[in-house]
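Structure, as structure tokens:
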Amino acid sequence: LHIAILASVLSFVIYWLIRDSHRLRNLSREHVFITSCDTVLGNSLAKWLDKRGFCVIAACATEKGCQELQSCSSLSLKTVNLNLADSNSIARAAVFVTRETGGKGLFGLVSNAEGTAPVAPTDWLRIEDFHSVLDVSLLGLIEITLKLLPLLKKAEGRIVNLINAKGLMAFVGGGYRLSKWGMEAFSDNLRIEMQHFGVKVSIVEHGFFRGGGVNSDVIEKNLLRLWNRLTPEIRDSYGEKYFVE
């Protein structure tokens, strides 16, 4: 099932990247920047486009992720460290992309931002729990997009924002779903504004694909941590039975 979902996501992304390709003589010379390439989805897309001759610039959160991707890709694939919660890291990545594109502009930006967020009722959380996901999945995505817009406008490129559809359904509190709805709104507004410049903005909602799997033990431990830090008033309002169930 996961393989089928992954194939569907890649097909949609690739379609948006190369649509209108009849106007381009040589796609193999076009640059595509992809975030979160140390996740299954970003890693797979980077490898796929690299094999088809695109000049891929893959952003990874860790040096290990960069090395592993480079070890199984062509020499034309470049990697850069990127922490979407750090403005300085975003600025350095933008400089790297500018240098790599060599004045041509950027053909494609694929954002696959997934911040970590506690899964719990809203009043179990603190504002820093919201920041842990919003700073990456929403504000980080917005900031890297703003930094690269001049390059995208220059090449009349395209932006593809990947959104996990489970983030569009409200069944628990926290910042994860806020980030996904924010990504939708940002993308919709940007699509209208960028039409004048020939830049296309697309959203790919990719169902319930699990990039790194879900560890139920981790979720349970995190819930216990949140429960133990609650004030007695909030804990009593839910009761021990609520937590056990």
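Residue numbers start at 1 and run along the sequence shown. Just so it is clear, the model here is predicted, and its values are computed rather than measured.
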Distance-only, no hydrogens or angles: does the [X] side chain make a donor-acceptor pair with backbone N or O of [Y] under 3.5 Å?
X: Arg229; Y: Arg225; result: no
X: Arg235; Y: Asn228; result: yes
X: Asp50; Y: Ser74; result: yes
X: Thr39; Y: Ser36; result: yes
X: Ser73; Y: Lys47; result: no
X: Lys154; Y: Gly103; result: yes

Between side-chain atoms of residues 186-193 and protein atoms elsewhere (two or more places apart, or another chain), which donor-acceptor pairs fall under 3.5 Å?
| residue | atom | partner | partner atom | Å |
| --- | --- | --- | --- | --- |
| Ser187 | OG | Asn161 | ND2 | 2.8 |
| Ser187 | OG | Met183 | O | 2.7 |
| Asp188 | OD1 | Arg191 | NH1 | 2.9 |
| Asn189 | ND2 | Ala185 | O | 3.4 |
| Arg191 | NE | Val201 | O | 2.7 |

Just how far is it from atom [atom1] of [X] to atom [atom2] of [Y], taken to the nearest 0.5 Å?
X: Ser137; Y: Ile142; atom1: OG; atom2: CD1; answer: 11.0 Å
X: Ile57; Y: Thr101; atom1: CD1; atom2: OG1; answer: 6.5 Å
X: Phe54; Y: His31; atom1: CZ; atom2: NE2; answer: 12.0 Å
X: Lys104; Y: Glu30; atom1: NZ; atom2: CD; answer: 4.5 Å
X: Leu84; Y: Leu139; atom1: CG; atom2: CG; answer: 10.5 Å
X: Asn164; Y: Glu205; atom1: CG; atom2: CD; answer: 9.5 Å

Of all the heavy-atom pairs spanning [X] and [Y], show the shortest one and how long it is.
X: Leu141; Y: Thr145; value: O-OG1, 2.7 Å
X: Gly175; Y: Leu134; value: O-CD2, 3.7 Å
X: Leu226; Y: Ala120; value: CD1-CB, 3.5 Å
X: Val80; Y: Ala93; value: CG2-CA, 4.2 Å
X: Asp123; Y: Leu230; value: O-CD2, 4.0 Å

Same cluster for [X] and [Y] if Ile/Leu/Val/Met/Phe/Trp/Tyr side chains link at under 4.5 Å?
X: Leu146; Y: Val136; result: yes
X: Leu125; Y: Ile234; result: yes
X: Val95; Y: Ile90; result: no

side-chain contact (heavy atoms from CB on, under 4.5 Å) assessment of Arg92 paired with Asn81: CA-CA 9 Å; Arg92 288 192 295 269; Asn81 285 110; over 6 Å; no
With sequence neighbours excluded, residues passing side chain to side chain contact (heavy atoms under 4.5 Å, CB included) with Ser44: Leu6, Leu10, Val40
Worked verdict on Ser87 versus Glu143 for side-chain contact (heavy atoms from CB on, under 4.5 Å): CA-CA 8 Å; Ser87 292; Glu143 188 169 1; 2.9 Å; yes
Phe96 vs Leu82, side-chain contact (heavy atoms from CB on, under 4.5 Å): CA-CA, chis, key distance, verdict: CA-CA 11 Å; Phe96 182 85; Leu82 175 61; over 6 Å; no
Trace of the side-chain contact (heavy atoms from CB on, under 4.5 Å) decision for Leu49 with Ile34: CA-CA 10 Å; Leu49 293 175; Ile34 309 170; 4.0 Å; yes
Sub-6.0 Å ring centroid separation between Trp124 and Tyr238: yes
Please tabulate, for side-chain N and O atoms in residues 58-66, each donor-acceptor pair with protein atoms closer than 3.5 Å (sequence neighbours left out).
| residue | atom | partner | partner atom | Å |
| --- | --- | --- | --- | --- |
| Thr62 | OG1 | Gly65 | N | 3.0 |

Sub-4.5 Å side-chain heavy-atom contact between Leu151 and Phe33: no
Cation-pi geometry met for Arg177 and Trp181 (6.0 Å, 45°): no
